[in-house]
Amino acid sequence: MDAAMDVIDGKWKVLILWALTTSEACRFGELRRLVGDVSEKILTQQLRELAADGIVHREVFAEVPPRVEYSLTPLGESLNAALRPLSAWGKENMPHIMAARSA
(Lines give C-alpha, C1' and ligand atoms only; values in the text may rest on other atoms or scores of the structure.)
Protein backbone atom coordinates (compact mmCIF):
# COMPACT_ATOMS: atom_id res chain seq x y z
CA MET A 1 0.00 0.00 0.00
CA ASP A 2 2.85 2.40 0.83
CA ALA A 3 4.38 2.01 -2.64
CA ALA A 4 1.08 2.76 -4.38
CA MET A 5 0.31 5.73 -2.16
CA ASP A 6 3.82 7.09 -2.73
CA VAL A 7 3.22 7.09 -6.49
CA ILE A 8 -0.19 8.81 -6.36
CA ASP A 9 0.66 11.13 -3.46
CA GLY A 10 -0.34 14.66 -4.33
CA LYS A 11 -3.65 16.36 -4.88
CA TRP A 12 -3.50 16.28 -8.68
CA LYS A 13 -1.81 13.01 -9.66
CA VAL A 14 -4.94 10.87 -9.73
CA LEU A 15 -6.76 13.52 -11.78
CA ILE A 16 -3.82 13.68 -14.18
CA LEU A 17 -3.87 9.91 -14.58
CA TRP A 18 -7.62 9.95 -15.15
CA ALA A 19 -7.32 12.74 -17.73
CA LEU A 20 -4.66 10.81 -19.64
CA THR A 21 -7.10 7.93 -20.18
CA THR A 22 -9.20 10.16 -22.44
CA SER A 23 -6.72 10.09 -25.32
CA GLU A 24 -3.54 8.40 -26.43
CA ALA A 25 -1.46 11.53 -25.88
CA CYS A 26 -2.12 14.99 -24.45
CA ARG A 27 -0.27 18.21 -24.82
CA PHE A 28 0.34 20.27 -21.69
CA GLY A 29 -2.39 22.85 -22.35
CA GLU A 30 -4.98 20.20 -23.11
CA LEU A 31 -4.03 18.28 -19.98
CA ARG A 32 -4.31 21.43 -17.88
CA ARG A 33 -7.84 22.05 -19.20
CA LEU A 34 -8.84 18.45 -18.49
CA VAL A 35 -7.48 18.47 -14.93
CA GLY A 36 -9.02 21.77 -13.86
CA ASP A 37 -7.74 24.43 -11.49
CA VAL A 38 -4.17 23.19 -11.27
CA SER A 39 -1.40 25.75 -11.73
CA GLU A 40 1.20 25.30 -14.45
CA LYS A 41 3.93 24.94 -11.83
CA ILE A 42 2.16 22.17 -9.94
CA LEU A 43 1.10 20.35 -13.10
CA THR A 44 4.69 20.42 -14.35
CA GLN A 45 5.96 19.14 -10.99
CA GLN A 46 3.39 16.34 -10.78
CA LEU A 47 4.05 15.27 -14.39
CA ARG A 48 7.79 15.13 -13.72
CA GLU A 49 7.22 12.95 -10.65
CA LEU A 50 4.90 10.62 -12.57
CA ALA A 51 7.44 10.39 -15.40
CA ALA A 52 10.25 9.67 -12.92
CA ASP A 53 8.14 6.82 -11.49
CA GLY A 54 7.55 5.37 -14.97
CA ILE A 55 3.81 6.10 -14.90
CA VAL A 56 3.74 8.81 -17.58
CA HIS A 57 5.72 9.00 -20.80
CA ARG A 58 6.91 12.45 -21.88
CA GLU A 59 7.73 12.77 -25.57
CA VAL A 60 9.45 15.86 -26.91
CA PHE A 61 9.18 16.47 -30.64
CA ALA A 62 12.05 18.27 -32.38
CA GLU A 63 9.89 20.96 -33.94
CA VAL A 64 9.69 24.72 -33.89
CA PRO A 65 7.91 25.60 -31.71
CA PRO A 66 8.69 22.60 -29.50
CA ARG A 67 5.87 20.16 -28.89
CA VAL A 68 5.60 17.88 -25.87
CA GLU A 69 3.03 15.12 -25.42
CA TYR A 70 2.22 13.07 -22.35
CA SER A 71 0.75 9.59 -22.32
CA LEU A 72 0.36 6.69 -19.93
CA THR A 73 2.94 3.95 -19.91
CA PRO A 74 1.76 0.35 -19.49
CA LEU A 75 2.54 0.78 -15.79
CA GLY A 76 0.35 3.89 -15.73
CA GLU A 77 -2.46 2.05 -17.47
CA SER A 78 -2.30 -0.71 -14.86
CA LEU A 79 -2.41 1.93 -12.10
CA ASN A 80 -5.52 3.47 -13.66
CA ALA A 81 -7.10 0.01 -13.75
CA ALA A 82 -6.42 -0.25 -10.02
CA LEU A 83 -8.04 3.16 -9.45
CA ARG A 84 -11.29 2.27 -11.24
CA PRO A 85 -12.80 0.46 -8.21
CA LEU A 86 -11.94 3.47 -6.04
CA SER A 87 -13.79 5.71 -8.49
CA ALA A 88 -16.80 3.39 -8.43
CA TRP A 89 -16.76 3.43 -4.63
CA GLY A 90 -16.74 7.23 -4.64
CA LYS A 91 -19.67 7.46 -7.05
CA GLU A 92 -21.67 4.93 -5.05
CA ASN A 93 -21.01 6.45 -1.64
CA MET A 94 -20.85 10.20 -2.30
CA PRO A 95 -24.50 10.80 -1.28
CA HIS A 96 -23.82 9.09 2.07
CA ILE A 97 -20.60 11.06 2.57
CA MET A 98 -22.29 14.38 1.76
CA ALA A 99 -25.15 13.54 4.16
CA ALA A 100 -22.68 12.71 6.92
CA ARG A 101 -20.76 15.95 6.34
CA SER A 102 -23.89 18.06 6.55
CA ALA A 103 -25.10 16.32 9.74
Side-chain angles (χ1 to χ4, degrees):
M1 182 62 96
D2 285 343
M5 293 304 295
D6 187 48
V7 170
I8 61 172
D9 183 36
K11 178 178 178 179
W12 301 101
K13 286 185 181 176
V14 172
L15 295 175
I16 292 167
L17 292 171
W18 215 246
L20 286 172
T21 62
T22 61
S23 63
E24 282 191 27
C26 283
R27 295 181 71 176
F28 186 87
E30 178 185 4
L31 193 52
R32 187 165 182 219
R33 281 188 299 277
L34 290 170
V35 171
D37 292 332
V38 63
S39 71
E40 287 186 23
K41 177 185 174 186
I42 297 298
L43 181 57
T44 299
Q45 176 187 349
Q46 301 276 280
L47 284 167
R48 284 183 182 152
E49 291 174 10
L50 288 166
D53 288 337
I55 304 298
V56 169
H57 173 71
R58 181 179 188 265
E59 186 168 358
V60 180
F61 295 88
E63 300 175 351
V64 177
R67 178 171 53 116
V68 179
E69 291 184 346
Y70 298 91
S71 59
L72 290 176
T73 64
L75 187 60
E77 290 174 6
S78 70
L79 178 55
N80 256 0
L83 292 172
R84 280 189 192 94
L86 184 61
S87 174
W89 182 90
K91 286 177 186 174
E92 180 180 326
N93 291 292
M94 198 54 161
H96 306 294
I97 294 166
M98 296 307 289
R101 285 181 183 172
S102 64

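Cluster annotation: Val68 is not connected to Leu34 through the hydrophobic network of ILVMFWY side chains, with a link wherever side-chain heavy atoms come within less than 4.5 Å. Connection of Phe61 to Tyr70 is not established within any shared hydrophobic cluster, with ILVMFWY side chains joined at heavy-atom distances below 4.5 Å, either directly or through further cluster members. By the criterion of side-chain heavy atoms lying less than 4.5 angstrom apart, applied directly or through intervening Ile, Leu, Val, Met, Phe, Trp or Tyr residues, Leu83 is grouped together with Met1 in one hydrophobic cluster.
In this structure Glu77 satisfies the side-chain hydrogen bond (donor to acceptor under 3.5 Å, both in side chains) test with no other residue, sequence neighbours excluded. Not counting sequence neighbours, Gln46 has no partner by the side-chain hydrogen bond (donor to acceptor under 3.5 Å, both in side chains) test.
Counting heavy atoms of neighbouring residues, nucleotides and ligands inside a 6.0 Å radius, atom CZ of Arg67 exceeds 12 of them.
Ala19 approaches Cys26 most closely through the heavy-atom pair O-SG, 4.5 Å. Here the closest heavy-atom approach between residue Ala25 and residue Glu30 is recorded as O-OE1, 4.3 Å.
Considering OG1 of Thr73 and CD1 of Ile55, their distance stands at 5.5 Å, rounded to 0.5 Å. Separation of atoms CZ (Arg32) and CG (Asp37) is listed at 9.0 Å; rounding is to 0.5 Å. Atom CD in Gln45 sits 5.0 Å away from atom CD in Glu49 (nearest 0.5 Å).
Tested against Leu50 for a side-chain contact (heavy atoms from CB on, under 4.5 Å), the candidates Leu20, Leu79, Ile16 yield a single pass: Ile16.
Trp12 has its side chain out of reach of Leu43: every pair of non-hydrogen atoms, C-beta onward, lies at least 4.5 Å apart.
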Only distances under 3.5 Å count here; give the side-chain donor-acceptor pairs of residues 84-94 to other protein atoms, sequence neighbours excluded, each with its distance to 0.1 Å.
{"unit_1": "Asn93", "atom_1": "ND2", "unit_2": "Trp89", "atom_2": "O", "d": "3.0"}

Discussion item. Could you go through Leu47 and Thr44, starting from their C-alpha distance and side-chain angles, then the distance that decides it, and tell me whether this counts as side-chain contact (heavy atoms from CB on, under 4.5 Å)?
Written reply: CA-CA 5 Å; Leu47 284 167; Thr44 299; 5.9 Å; no
